Amino acid sequence: MTFVDLSNKLSFSYASGKIILVGEHAVVYGSQAIAFPLEQGLRIAIYPLKNPLKDQGPLLKAANLLETDIYFSKKDQKFGAFYDVLEYLLSVFGEQIRNLAIIIDTNILPARGLGSSASLSVALIKALYQYFNWPLSQDLLINHAEKLETIFHMRPSGIDHTVIIKNKPIAFKKIDNKLNTWDIKQGCDLTFVIASMDAHIGTKNAVNKLSYQLSKHTQTYTRIFGEIDLIAKDLELAIIDGYKVRIGELMNVAQGYLNSLGVSCESLEKLCFIARNSGALGAKLTGAGGGGSIIALSDGNAEEIKNSFLAYGYQAFISTTKVL
Ligand code: PMV
């Protein structure tokens, strides 16, 4: 690599992806949600550029996310959110970030409901604080991540970056606009198979679409959010008890409600049925929906479920969360 000066200091960071077991969308309106970190994630390396061009940096290289390297100064509408992110970083870290190369390597596909933007936000802040040797508390990290997630999604509930920062299963609920999160101590290891189709329409668009539907069917949708809240409470107990069959069944019920809210789609339903027909205990979409990914709970048959997805031409991978 000739564009970086490796004789100088460098820093690395990592942030996982995430899945939502129950409560996506409904969480925006105050329902409880449950999220788990993924075993897969995103890595960032930060180096000083060897020959920084005045006012051009930082250089952003993200082989799995961006078609080309981008320099902060060369504005391109196509990468709008990335520039807004860099603008924010400039406001926090100042001009000193202009001579840096930020290299991102991820196996979390963007816009698949797997927390790609949140893991990027968290890893960026961690790497830069480490690079400058600034102290970073968890609260400060949450605060910065929320600002970056707001650039990506406009009004994020906060569940994505919270579970990624905590890096353990959490329940999450907004009461009177105040975030309440608590850890969930799972009673058994849980292995999920994650299958992805095309990118979803974007979290911001999906949330706006649902908000429009809610304005037309306020009472009906509000009742559904209430049901999802109850499912989340049951699911939390099932996770604590390690009652896998019940977790799977509740995931299936949650998927029914997500479909009724209009955030599923034909391919996501198909993926859920492939999973269930292959022996998954339960399956549901995860994240914004309308595309993206589903999660299937396995029962010692993760490879079999994964192979079914692959046979149908979908991408799939396995992630296990172990009892701590
Ligand atoms: O960005 P995604 O696809 O991981 O979805 C986030 C979950 C939503 O509930 C749809 C939005 C939010 O901010 O909670």
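When a ligand or atom number is given, it counts from 1 through the structure's own listing order. Keep in mind that what you see is a predicted model, and the values were worked out from it rather than measured.
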Show me the short polar-atom pairs for ligand 1: any N or O of it lying under 3.5 Å from a protein N or O, with distances only.
from     : atom 1 : to     : atom 2 : distance (Å)
ligand 1 : 1 (O)  : Thr203 : OG1    : 2.5
ligand 1 : 3 (O)  : His200 : NE2    : 3.1
ligand 1 : 3 (O)  : Thr203 : OG1    : 3.4
ligand 1 : 3 (O)  : Ala288 : N      : 2.9
ligand 1 : 4 (O)  : Lys18  : NZ     : 2.5
ligand 1 : 4 (O)  : Asp160 : OD2    : 3.0
ligand 1 : 5 (O)  : Ala288 : N      : 3.3
ligand 1 : 9 (O)  : His25  : N      : 2.8
ligand 1 : 13 (O) : Ser157 : N      : 2.8
ligand 1 : 13 (O) : Ser157 : OG     : 3.4
ligand 1 : 14 (O) : Ser157 : OG     : 2.5

Any donor and acceptor pair, going by atom type alone, linking the side chain of Ser293 with main-chain N or O of Thr286 inside 3.5 Å? no
How are the rings of Phe132 and Trp134 set relative to one another: parallel (under 30°), tilted (30 to 60°) or perpendicular (over 60°)? tilted
Could I get the full list of side chain to side chain contact (heavy atoms under 4.5 Å, CB included) partners for Glu249, not counting sequence neighbours? Val245
I'd like to know if the side chain of Asn252 and the backbone of Ala283 have a donor-acceptor N/O pair within less than 3.5 Å. yes
In Å and rounded to the nearest 0.5 Å, what is the CG to CD1 distance from Leu258 to Ile294? 12.5 Å
Taking the six-membered ring for Trp, are the ring centroids of Tyr129 and Phe93 within less than 6.0 Å of each other? yes
